[in-house]
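Please read the structure below before turning to the comments.
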Protein chains: 2
Amino acid sequence: MAVRLKDIAQDLGLSVVTVSKVLRDHPDIGEETRKRVLKRAKELNYQPNLAARSLITGRTWTIGLVVPDLLHPFFAQIAKELSAEVRKKGYSLFISSSDEDPALEQQEIAQLVARRVDVLVIASSQWTVEGFRRIEEENIPYILLDRQFAGFESNFVGVDDRAVGLLATRHLIEQGCRRIAHVRGPEISTAVGRLEGYRQALAGAQMTPLPGHIVSIGTSGDHRGERGGYEATVKLLSSPQRPDGIFCFNDPVALGAMRALLDAGLRIPEDVAVVGCGNLSYSDFLRVPLSSVDQGSKKIGKAAAAMALKLAHNKTARRPKKELIPPHLVVRASSLRAS
Amino acid sequence: MAVRLKDIAQDLGLSVVTVSKVLRDHPDIGEETRKRVLKRAKELNYQPNLAARSLITGRTWTIGLVVPDLLHPFFAQIAKELSAEVRKKGYSLFISSSDEDPALEQQEIAQLVARRVDVLVIASSQWTVEGFRRIEEENIPYILLDRQFAGFESNFVGVDDRAVGLLATRHLIEQGCRRIAHVRGPEISTAVGRLEGYRQALAGAQMTPLPGHIVSIGTSGDHRGERGGYEATVKLLSSPQRPDGIFCFNDPVALGAMRALLDAGLRIPEDVAVVGCGNLSYSDFLRVPLSSVDQGSKKIGKAAAAMALKLAHNKTARRPKKELIPPHLVVRASSLRAS
DNA sequence: CGCGTTACAGTTATCGTTATAGTAAGGCGG
DNA sequence: CCGCCTTACTATAACGATAACTGTAACGCG
C-alpha cells in the first residue's frame with residue numbers, strides 16, 4: 001500500500017540505511033546515489049511513516065492545544081495562528097476544547113500526554129496547579145496561555161491584563177466619566193489583572209471605586225457572560241450613585257451591560273459610557289458599536305508558536321519564560337463622548 | 001522515563017505479551033494474573049506508547065480536520081463538536097485552517113495523510129476534485145463537509161442548502177415582500193444550492209427574480225463577505241425596481257447589506273427586510289437584530305463525528321454516504337413586518 | 001611503501017508494541 | 001495409560017524507521 005524505504009532501496013539495489021540517509025540530508029552519500037534516490041522517492045511519492053520515526057527518535061512532531069472554548073473568537077484566533085505557524089515547521093496541532101470543565105481538561109491533557117506530544121499549550125480552566133505537575137513528571141514542556149496561576153512558575157504567553165484595565169479605565173476618565181464602575185469576571189488571573197488595572201487607573205486620577213461599583217458576573221449557566229453582564233448592570237443601576245462609565249471584563253459581558261442600559265432607557269455613551277475587552281468581530285455592527293480593548297490574539301498565537309517551537313527543540317529544560325503582549329484600545333461609539 | 005510494558009512484566013515476573021494481553025482485555029488470561037497486572041499498571045500510571053502501537057496495527061487513532069477558516073463560528077462549532085465526540089472514543093483530532101487557499105489546503109491534507117490519520121474530514125476550498133483522488137490512493141477514508149462537488153461521489157455531511165434558500169425566501173414572501181433579491185456567494189455548492197432554493201421558492205409563489213436582483217459578492221480581499229455584501233447591496237439599490245426583501249448568502253454578507261441599507265436612509269424591515277444564513281452569535285445585539293437560517297452546525301459536527309467513527313472502524317470501503325441536515329429559520333427584527 | 005584520511009555504503013541493534021505460533025500443565029474420556 | 005482438548009502463559013518475529021558503528025576502496029603524504 002504505502003511506499004516504504006525498503007521499496008526504494010530494493011528498486012535501486014541499495015540498502016535501506018542509504019536511502020534513509022539521503023532523505024535526511026546526511027553528508028556521506030555520493031552525488032549520483034543521492035540523485036537516484038531522490039528521483040525514485042519522488043516518483044513513488046514516498047512519505048515517511050511518522051509512527052516509526054517517532055518510535056525511535058522519541059519525537060512526534062506534534063503539539064497539543066487545549067482551550068476552554070474553541071467557539072470563543074479569542075481562542076479560535078490563537079488556535080488558527082498557532083496551527084499555521086507550527087505547520088510551517090512540519091508540526092501538526094492537536095486541538096481540544098475543554099468546555100471550561102477542569103475534569104474534562106485533565107482528561108484531554110492526559111490523552112495528549114499519552115500521545116507524547118512534543119509540547120503542550122494550555123489555556124487552563126483549572127483551579128489548582130496539581131495537574132501541571134503531572135505533565136512535568138512526564139517531562140513534556142508546556143506553555144500556559146492567557147490564564148496564569150499566582151505563585152506558580154511556568155512558561156506563559158498572554159495579554160498584559162493590568163494594562164488592559166489601565167487602558168480602558170484611563171480612557172473612560174479622559175472621556176469625562178467620574179463614577180466608573182467595573183463588572184469583573186470570575187476568580188481567574190485575567191479578571192484579577194484587569195481589576196487591578198482598573199483600580200490603578202482610578203488611583204492615578206485620585207479617584208476610588210464607589211461603594212457597590214465593583215460587581216461580579218455570577219456563574220450563571222451562560223459562560224460567555226451576556227446574562228451575567230446584564231444582571232450585574234441591573235445591580236449597578238440600583239446603586240445610590242449611578243455610574244456614568246462601565247469597564248466590562250469582556251465583550252459578551254459588555255453586550256449584556258449595554259442591553260441592560262438600553263432597557264433602562266439610558267443613552268450610550270451620553271448617560272453611561274461602556275468599554276469591553278476582546279474586540280470581537282462584528283463590534284461595528286452592534287446597536288451601539290462597542291469600544292473594546294484588543295488583546296492582540298494574533299500576536300499571542302504567534303508568540304505561543306515561537307515559544308513552543310523553541311521548547312520542542314531544546315530538550316534541556318530551561319527557566320520558565322513569561323511573555324506579555326501589550327493590549328491596545330479600539331475606540332467606538334459606546335465610549336466616545338462629544339468633547 | 002516513561003513506563004513500558006517491559007517494566008510491568010519484569011516487576012511481576014511475567015512476559016511482555018501477557019501484560020499486553022491483559023491491558024487489551026484478551027480472553028486467555030487467568031483471573032489472578034489479570035488483577036496483578038492491572039494493579040501494577042495503575043500504580044505506575046502506565047500509558048501505552050501509541051507510536052509503537054500504530055506502527056504494528058496501522059491505525060493511529062487520530063482524525064484530521066481541515067477547514068477554510070477556524071475563526072468562522074460555523075467551522076469552530078463543528079470543530080469543537082467533532083473533537084468532543086471523537087475524544088470519547090479515544091481519538092484525537094488534528095485541526096488545521098487553510099485560509100480559503102486551495103494550495104495551502106493541499107499541503108495540509110498531504111501532511112495529515114503522511115501522518116496516516118484514520119479518517120480525514122475536509123471542508124474544502126478546492127475548485128477541482130483532483131486532490132481527493134490522492135487521498136483515495138492512500139486508502140484513507142474521508143468526509144467532505146459543507147461543500148460538495150457536482151458529479152463527484154464522496155461521503156458528505158452538510159446542511160441542505162436548497163432548503164436554506166427555500167426557508168429564507170418563503171419567509172420573506174410570507175412577510176409580504178414582493179421584490180425579493182438575492183446576494184449570492186461564490187461558485188461553490190453552498191451558494192449554488194441556496195440560489196436554487198431561492199428560485200424555487202419564488203417559482204412556488206408564481207414569482208420570478210427581477211432583472212438585476214441576483215448579485216454576487218465579489219472576491220474582495222475580505223473573505224467574510226461584509227464588504228462584498230455592502231457593495232452588492234449598493235448595486236441592488238441602483239436597480240430600477242428597488243427590492244423590498246433581500247436574502248443574503250450568509251450573515252456577514254447580511255451585515256454588510258444592512259449597513260448599506262441604513263447608510264442609504266432605508267428602514268429595516270419596513271422598507272427592506274433582510275434574512276441571512278448562519279445564525280451567528282450576537283445577532284441579538286445588532287443595530288437591527290438579524291433574521292437568519294440556522295445551519296445546525298452542532299448537528300453537522302455530531303453527524304460528521306458519527307460518520308468518521310464508522311469509517312474508522314469499517315476498513316472495507318463502502319458506498320459513499322450523504323447526510324443532509326435540515327436547517328431552520330430564526331426570525332428576528334430584520335425581517336419581521338407588522339402583519 | 002606503509003599509514004592515515006576521506007568518501008561512500010552497509011550491518012546490526014533498537015524503539016515499544018502486537019500478531020502468530022507454540023508450549024507446558026492439567027483434566028477427561030476411553 | 002494414552003491421546004486430545006483446554007487453559008494459561010511464553011517465545012519469536014515482525015512493524016518501519018533511525019543511531020551507532022563497521023567496512024572498503026581510493027588517494028595523498030611523508
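Convention: sequence-line order gives letters A, B, ...; per-chain numbering from 1.
Counted by atom type alone, Ser96(B) and Glu108(B) present one or more donor-acceptor pairs between their side chains at under 3.5 Å. Defined by atom type and a distance below 3.5 Å, a donor-acceptor pair is missing between the side-chain atoms of Ser92(A) and Arg87(A).
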Dump the pairs, protein N or O against N or O of nucleotides 21-27 of chain D, anything under 3.5 Å, distances to one decimal.
none

Could I get a table of every N or O pair under 3.5 Å where one atom is in the protein and the other is in nucleotides 14-16 of chain D?
| residue | atom | partner | partner atom | Å |
| --- | --- | --- | --- | --- |
| dG16(D) | OP2 | Arg4(A) | NH1 | 3.2 |
| dG16(D) | N2 | Ala52(A) | O | 3.3 |

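Taking every side-chain heavy atom of Ile29(A) into account, dA9(C) is the closest of dA9(C), dT18(D), dG10(C).
Put simply, Thr18(A) has no side-chain N or O that comes within less than 4.0 Å of OP1 or OP2 on dA9(C). Between Ser54(A) and dA17(D) there is no side-chain polar atom (N or O) within less than 4.0 angstrom of OP1 or OP2. Using a 4.0 Å cut-off, no side-chain N or O of Thr57(B) falls inside it from OP1 or OP2 of dT18(C). At the phosphate of dT18(C), OP1 or OP2 sits under 4.0 Å from a side-chain N or O atom of Ser20(B).
The distance from atom CD of Glu32(B) to atom C1' of dC9(D) is 14 Å, rounded to the nearest whole Å. Between the CG atom of Leu23(B) and the P atom of dT18(C) there is a distance of 8 Å, rounded to whole Å. Note: CZ (Arg36(A)) to C1' (dA9(C)) measures 12 Å, nearest angstrom. In this structure, the CH2 atom of Trp61(A) is 15 Å from the C1' atom of dA17(D), given to the nearest Å. Between the C1' atom of dA19(D) and the NE2 atom of His26(A) lies a distance of 8 Å, rounded to the nearest Å. Straight-line distance from the CD1 atom of Ile8(B) to the P atom of dG16(C): 13 Å, rounded to whole Å. Note: CG (Leu50(B)) to C1' (dT17(C)) measures 10 Å, nearest angstrom. Arg59(A) has its CZ atom 14 Å from the C1' atom of dT18(D), to the nearest Å.
Rounded to 10 degrees, the angle between the two end axes of the helix from dC1(C)-dG30(D) to dG30(C)-dC1(D) is 60°, with five pairs used at each end.
Ion pairing between a basic and an acidic side chain is recognised when a charged N comes within 4.0 Å of a carboxylate O; Glu81(A) and Lys298(A) show no such pairing. A salt bridge is defined here as a Lys NZ or Arg NE, NH1 or NH2 lying under 4.0 Å from an Asp or Glu carboxylate O, and Lys299(A) with Glu85(A) fails to meet this definition.
Taken to the nearest 0.5 Å, the CD1 atom of Ile140(B) stands 10.5 Å off from the CD1 atom of Ile109(B).
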>> Glu138(B) vs Arg134(B), test: side chain to side chain contact (heavy atoms under 4.5 Å, CB included). Steps then yes/no.
In response: CA-CA 7 Å; Glu138(B) 297 284 351; Arg134(B) 291 257 298 280; over 6 Å; no

>> Would Glu32(A) and Lys35(A) count as a salt bridge (Lys or Arg N to Asp or Glu O under 4.0 Å) here? Give the steps.
In response: CA-CA 5 Å; Glu32(A) 179 67 15; Lys35(A) 274 184 189 156; 6.0 Å; no

>> salt bridge (Lys or Arg N to Asp or Glu O under 4.0 Å), that's the test. Do Arg40(B) and Asp7(B) meet it? Break it down for me.
In response: CA-CA 10 Å; Arg40(B) 192 76 188 125; Asp7(B) 301 320; over 6 Å; no

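Sparse packing is recorded around NZ of Lys89(A), with 12 or fewer heavy atoms of other residues, nucleotides or ligands lying under 6.0 Å away.
Asp160(A) places no side-chain N or O within 3.5 Å of a backbone atom of Pro326(A) that could act as its donor or acceptor partner. No donor-acceptor pair closer than 3.5 Å links the side chain of Ser20(B) to the backbone N or O of Val16(B).
Here Leu14(A) lies in heavy-atom contact (under 4.0 Å) with sugar-phosphate atoms only.
Relative orientation of the Tyr91(A) and Trp61(A) rings is tilted, given thresholds of 30° and 60° on the angle between their planes.
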